[in-house]
Number of protein chains: 2
Amino acid sequence: MNDKFFNLPLEKQQRIINAAYKVFSQSSYKKAPMSEIADESGISKALLFHYFTNKKELYLYLWINAIEMTRKAVREYKTLETNDFFEMLKRSLLSKCSLMRDYPHMYAFSLRAYYETASEIKSAIQENFSDVSKTSEMIVFEKMDTSRLRKDIDLKTMYDEIFYAIDGYMLKKYRSNRIIPDEIELEIISLIDFWKKVYTQKEA
Amino acid sequence: MNDKFFNLPLEKQQRIINAAYKVFSQSSYKKAPMSEIADESGISKALLFHYFTNKKELYLYLWINAIEMTRKAVREYKTLETNDFFEMLKRSLLSKCSLMRDYPHMYAFSLRAYYETASEIKSAIQENFSDVSKTSEMIVFEKMDTSRLRKDIDLKTMYDEIFYAIDGYMLKKYRSNRIIPDEIELEIISLIDFWKKVYTQKEA
DNA sequence: TCTGTATTAACCGATACGGTTAACGAGGAG
DNA sequence: CTCCTCGTTAACCGTATCGGTTAATACAGA
């Protein structure tokens with residue numbers, strides 16, 4: 001890619017890569033047209049190719065960028081610097097909401113990219129991600145304090161179920177085109193509070 | 001559409017409409033090509049047009065068909081003939097699993113079709129569905145016996161959260177291309193048992 | 001051998017694709 | 001005023017793909 005991209009005003013950079021995240025999150029790699037990204041970001045297709053030489057390079061840049069920014073946000077929110085499970089959950093999701101304010105479609109893009117099948121990019125993606133989700137899951141389980149949690153339920157099922165619900169919640173938001181970070185943040189927090197109440201051991 | 005379609009051997013009919021459900025569930029209406037459906041079902045594109053005159057008609061047939069079959073399955077499983085919430089949930093999901101055996105991609109298709117934006121079909125779809133989900137939600141809330149449920153949690157949140165989780169779970173299955181009804185049925189049942197344990201009031 | 005029917009290869013015009021090129025236009029330097 | 005730079009794009013290129021059609025094939029039964 002062309003480094004001059006980074007000399008652009010930040011707002012324009014974001015407009016471009018947000019358009020790209022959006023288009024690539026709504027269609028598969030093969031069916032997502034560069035022209036749509038150009039139109040969506042208000043620049044010409046020629047300029048898009050000027051900065052990102054071709055489709056594949058743009059896609060891989062978006063992928064690397066998404067991983068980096070997610071890691072950074074998780075770190076900034078000190079997600080793993082607590083052993084309270086629900087506090088971890090809250091920090092993790094608040095960090096994602098803060099990302100969503102700048103890059104509304106990055107979450108959906110990542111979810112889709114991970115399962116992308118186009119041969120041209122599949123290899124590059126899997127190698128760069130290995131098993132981040134599994135690794136972080138392990139870290140969470142090692143760190144978390146289970147003493148306050150209900151003893152009669154399976155923690156792995158609880159963990160899976162919560163993340164299914166978050167994905168399902170976000171899916172609905174994307175499908176109905178309601179990506180409003182403030183609203184999502186409030187609703188997510190209320191979901192977490194709900195889970196905390198449900199899964200916390202009652203005092204004797 | 002051409003009624004001769006129904007004279008085809010049932011297996012061939014299913015192969016064709018399953019191919020269509022699959023292709024339309026993976027791309028938006030506009031970007032889902034008829035040729036892909038023909039290839040996937042092992043017939044020629046010409047024959048596909050012979051039976052379903054054009055793309056729009058095929059899509060609407062799939063939609064009507066999905067609604068009808070879902071209703072029928074829900075009825076056959078006597079989903080609403082109990083007032084135990086978790087029993088309702090189980091019957092509802094088992095009915096969907098049984099449908100999944102014959103039409104693996106129908107669930108994903110319905111989810112996508114509901115939010116389809118293509119002007120040519122949007123109107124036809126919304127009118128045929130009005131607010132089935134909201135209506136059935138109301139029926140469930142009126143019918144269900146809340147006496148055994150925990151008193152300290154909000155039932156609407158519980159209801160939403162469960163359905164988010166199911167959608168999230170199915171999303172993962174579709175994205176990772178693991179549509180194995182037996183496996184899904186087992187895992188769903190174990191999830192429901194989990195929820196039942198979590199949300200049921202402890203005996204005094 | 002004739003007839004009707006299921007099926008498709010080949011085709012059609014239109015459009016959309018990824019990517020390129022030649023030129024435009026504003027702004028600064030001489 | 002001229003020249004040059006550089007961000008930017010309209011217009012273009014060859015190819016692929018789209019929805020849909022047509023003319024022909026294969027084959028059954030009478």
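Proteins get letters first, then strands, A, B, ... in listed order; numbering begins at 1 in each.
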For DNA chain D, find the residues of residues 46-58 of chain B with a heavy-atom distance under 4.0 Å and give them by number; none if there aren't any. B:Ala46, B:Phe49, B:Asn54, B:Lys55
Residues which pass side chain to side chain donor-acceptor pair (under 3.5 Å) with B:Asn83, listed by chain and number, not counting sequence neighbours: none
Is there a side chain to side chain contact (heavy atoms under 4.5 Å, CB included) between A:Lys45 and A:Ile37? Walk through the geometry before answering. CA-CA 8 Å; A:Lys45 195 174 56 153; A:Ile37 298 174; over 6 Å; no
Under the side chain to side chain donor-acceptor pair (under 3.5 Å) test, residues paired with A:Thr53 that sit two or more places apart: A:Glu57
To the nearest Å, how far apart are A:Asn2 CG and D:dC6 C1'? 12 Å
Restricting both atoms to N or O, compile the protein contacts to nucleotides 27-30 of chain D shorter than 3.5 Å, with distance only.
none

Donor-acceptor contacts, no H, no angles, side chain residues 176-184 of chain B, under 3.5 Å, sequence neighbours left out:
unit_1: B:Ser176; atom_1: OG; unit_2: B:Lys172; atom_2: O; d: 2.7
unit_1: B:Ser176; atom_1: OG; unit_2: B:Lys173; atom_2: O; d: 3.4
unit_1: B:Arg178; atom_1: NE; unit_2: B:Glu183; atom_2: OE2; d: 3.3
unit_1: B:Arg178; atom_1: NH2; unit_2: B:Glu183; atom_2: OE1; d: 2.4
unit_1: B:Arg178; atom_1: NH2; unit_2: B:Glu183; atom_2: OE2; d: 3.4
unit_1: B:Asp182; atom_1: OD1; unit_2: B:Arg101; atom_2: NH2; d: 2.7
unit_1: B:Glu183; atom_1: OE2; unit_2: B:Lys173; atom_2: NZ; d: 2.6

Is there a donor N/O on one and an acceptor N/O on the other, under 3.5 Å, for the side chain of A:Lys4 and the base of D:dG7? no
For A:Phe194, the ring pair (Phe, Tyr, Trp, His ring centres under 6.0 Å) test, sequence neighbours excluded, returns none
Does B:Phe109 have any ring pair (Phe, Tyr, Trp, His ring centres under 6.0 Å) partners at least two apart in sequence or in another chain, and if so, which? B:Tyr21, B:Tyr59
Indicate whether the side chain of A:Tyr199 and that of A:Glu161 have a donor and an acceptor atom separated by less than 3.5 Å. yes
Electrostatic pair A:Glu11:A:Arg15 at N-O distance under 4.0 angstrom: yes
Positions of residues 24-35 of chain A (non-hydrogen atom under 4.0 Å from DNA chain C), listed by number: A:Ala32, A:Pro33, A:Met34, A:Ser35
Could I get the full list of ring pair (Phe, Tyr, Trp, His ring centres under 6.0 Å) partners for B:Tyr115, not counting sequence neighbours? none
Under a 4.0 Å heavy-atom cutoff, the residues of residues 5-21 of chain A touching DNA chain D are A:Leu8, A:Lys12
For B:Lys56, I'd like to know if atom NZ has over 12 heavy atoms of other residues, nucleotides or ligands within 6.0 Å. no
Indicate yes or no: does B:Asp193 engage B:Lys197 in a salt bridge with an N to O separation below 4.0 Å. no
May I have the distance from A:Asp39 (atom CG) to D:dA10 (atom P), rounded to whole angstrom? 10 Å
Range on DNA chain C touched by chain B, heavy atoms, distance below 4.0 Å: C:dA6 to C:dA9
Taking the inter-plane angle between the rings of B:Tyr61 and B:Phe52 on a 0 to 90° scale, is it parallel (under 30°), tilted (30 to 60°) or perpendicular (over 60°)? tilted
Parallel under 30°, tilted from 30 to 60°, perpendicular over 60°: which one fits the rings of A:Phe85 and A:Tyr159? tilted
Return the set of residues passing ring pair (Phe, Tyr, Trp, His ring centres under 6.0 Å) with A:Tyr77 (not counting sequence neighbours), or none when no residue passes. none
Quick check: do A:Phe24 and A:Leu58 have side-chain heavy atoms less than 4.5 Å from each other? yes
